[in-house]
Amino acid sequence: MRSFLLIIVCILQFVWISQASAAKNEFFEKGKVLFEKKEYEKSKFFFEKELVFDPKSEKSYLYLAKIFKKTKDDQLQESNLKNVLLLNPQNDEAIYMLTILKIEHFNYEEAKNLMEQFNEVCKLFCSKKNEIKKKFNKLIPENEKDNN
C-alpha cells in the first residue's frame, strides 16, 4: 500500500511539473506574438510571467529590453540587458543594444568596452559592426581622435 501511494505521488508530481513547464513556454510564445503585433504592454505581462517560472529566461529579459527601448525607458532597458549578459555574456544582440544605449548617453568608456566585447563575440549581429563604429566615432573625445 505504501509503495502504491509513493507511485501515485510521483506520477502526480511529474504531471504537475510537465504542465508548469508547458505553461512557462506558452507565456514566452504569447509574449513574442504580442510583441510582434506591437502590443507592448500585453507582451510585457507575459514575459514577466515567464520570468516568475524561469528567472533565467534570457529571451524574456531581452524582449523586455526591446519593449523598454520602444517605450523609451532607458533605465529598465539597461537593467534587462544587463540581466541578459549576466546569464549569457556572449549574447551579441544584448551587447549591441547596450552599446547603442551607451553611445546615445555619451558614455564613451563603457561604449568602448562594449564594442571590444562585441567584436569578440558577434555572431548574428556582426553586420552591425559598421553601424556601431560610425556612431561611436562621433563620441570619441578630441584628445583621443589622434590615437585612432
Side-chain angles (χ1 to χ4, degrees), residues 5-141 144-145 148:
L5 285 175
L6 183 61
I7 290 171
I8 295 295
V9 168
C10 287
I11 290 171
L12 289 174
Q13 190 174 21
F14 176 75
V15 169
W16 179 77
I17 289 171
S18 61
Q19 285 177 339
S21 178
K24 177 185 72 97
N25 288 335
E26 270 184 47
F27 294 138
F28 177 79
E29 291 304 320
K30 284 181 182 178
K32 190 173 173 185
V33 167
L34 289 167
F35 178 85
E36 290 167 359
K37 291 180 179 179
K38 298 182 186 205
E39 296 183 36
Y40 301 123
E41 279 303 310
K42 289 179 183 176
S43 67
K44 183 176 121 184
F45 172 77
F46 284 102
F47 294 129
E48 289 172 342
K49 207 164 182 178
E50 160 87 2
L51 289 169
V52 169
F53 285 95
D54 182 8
K56 294 182 179 181
S57 176
E58 175 185 341
K59 291 178 185 178
S60 290
Y61 285 117
L62 186 61
Y63 272 90
L64 285 171
K66 290 177 181 185
I67 289 168
F68 293 123
K69 179 177 176 64
K70 297 277 186 191
T71 60
K72 301 195 184 325
D73 189 331
D74 292 348
Q75 278 187 315
L76 288 174
Q77 179 189 356
E78 181 175 352
S79 174
N80 281 283
L81 289 171
K82 286 183 175 182
N83 284 334
V84 172
L85 294 173
L86 281 173
L87 294 168
N88 179 5
Q90 307 266 317
N91 187 309
D92 56 344
E93 185 174 9
I95 297 169
Y96 165 76
M97 288 177 65
L98 191 55
T99 304
I100 296 298
L101 185 63
K102 293 301 179 180
I103 290 171
E104 288 171 355
H105 287 200
F106 304 103
N107 191 326
Y108 173 75
E109 285 301 319
E110 283 191 54
K112 182 178 176 183
N113 292 337
L114 285 163
M115 279 182 55
E116 291 170 6
Q117 185 180 356
F118 181 78
N119 287 332
E120 290 175 14
V121 302
C122 79
K123 294 174 190 137
L124 302 174
F125 278 78
C126 284
S127 62
K128 301 285 188 178
K129 276 185 184 180
N130 287 335
E131 177 188 339
I132 288 177
K133 190 167 181 139
K134 284 179 187 175
K135 289 182 179 192
F136 181 75
N137 284 340
K138 295 176 185 175
L139 188 62
I140 297 174
E144 289 203 25
K145 284 189 179 182
N148 287 332

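We count residues from 1, following the sequence as given.
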Got a sec: does the CD of Glu36 have more than 12 other heavy atoms crowding it under 6.0 Å?
yes

Ion pair present between Glu93 and Lys66, side-chain N to carboxylate O less than 4.0 angstrom?
yes

Note: Glu109-Lys102 ion pair, threshold 4.0 Å (strictly below)
no

Please assess Glu104 against Leu101 for the test side chain to side chain contact (heavy atoms under 4.5 Å, CB included), listing each intermediate value before the final yes or no.
CA-CA 5 Å; Glu104 288 171 355; Leu101 185 63; 4.1 Å; yes

So which atom in Val84 and which in Asn91 form the shortest heavy-atom distance, rounded to 0.1 Å?
CG1-ND2, 3.5 Å

Closest heavy-atom pair, Gly31 versus Ser43, reported as atoms and distance to 0.1 Å, is O-CB, 3.1 Å

Closest heavy-atom pair, Ile132 versus Ile103, reported as atoms and distance to 0.1 Å, is O-CD1, 4.0 Å

Yes or no on side chain to side chain contact (heavy atoms under 4.5 Å, CB included) for Gln77 and Leu81, after CA distance, side-chain angles and deciding distance?
CA-CA 6 Å; Gln77 179 189 356; Leu81 289 171; 3.9 Å; yes

Sidechain-backbone polar pair: Gln117 side chain, Pro89 backbone, donor-acceptor under 3.5 Å:
yes

By side-chain contact (heavy atoms from CB on, under 4.5 Å), Lys49 pairs with (sequence neighbours left out) Phe27, Phe45

Below 4.0 angstrom, N of the basic side chain to O of the carboxylate: do Lys112 and Glu116 qualify?
no

In sequence, state the C-alpha distance, the side-chain angles, and the governing distance for Lys44 and Phe68, and then conclude on side chain to side chain contact (heavy atoms under 4.5 Å, CB included).
CA-CA 9 Å; Lys44 183 176 121 184; Phe68 293 123; 4.0 Å; yes

Phe35: which residues meet the ring-ring contact (aromatic ring centres under 6.0 Å, His included) condition with it, sequence neighbours left out?
Tyr40, Tyr63

Could you please spell out the steps behind the side chain to side chain contact (heavy atoms under 4.5 Å, CB included) verdict for Ile67 and Asn80?
CA-CA 10 Å; Ile67 289 168; Asn80 281 283; over 6 Å; no

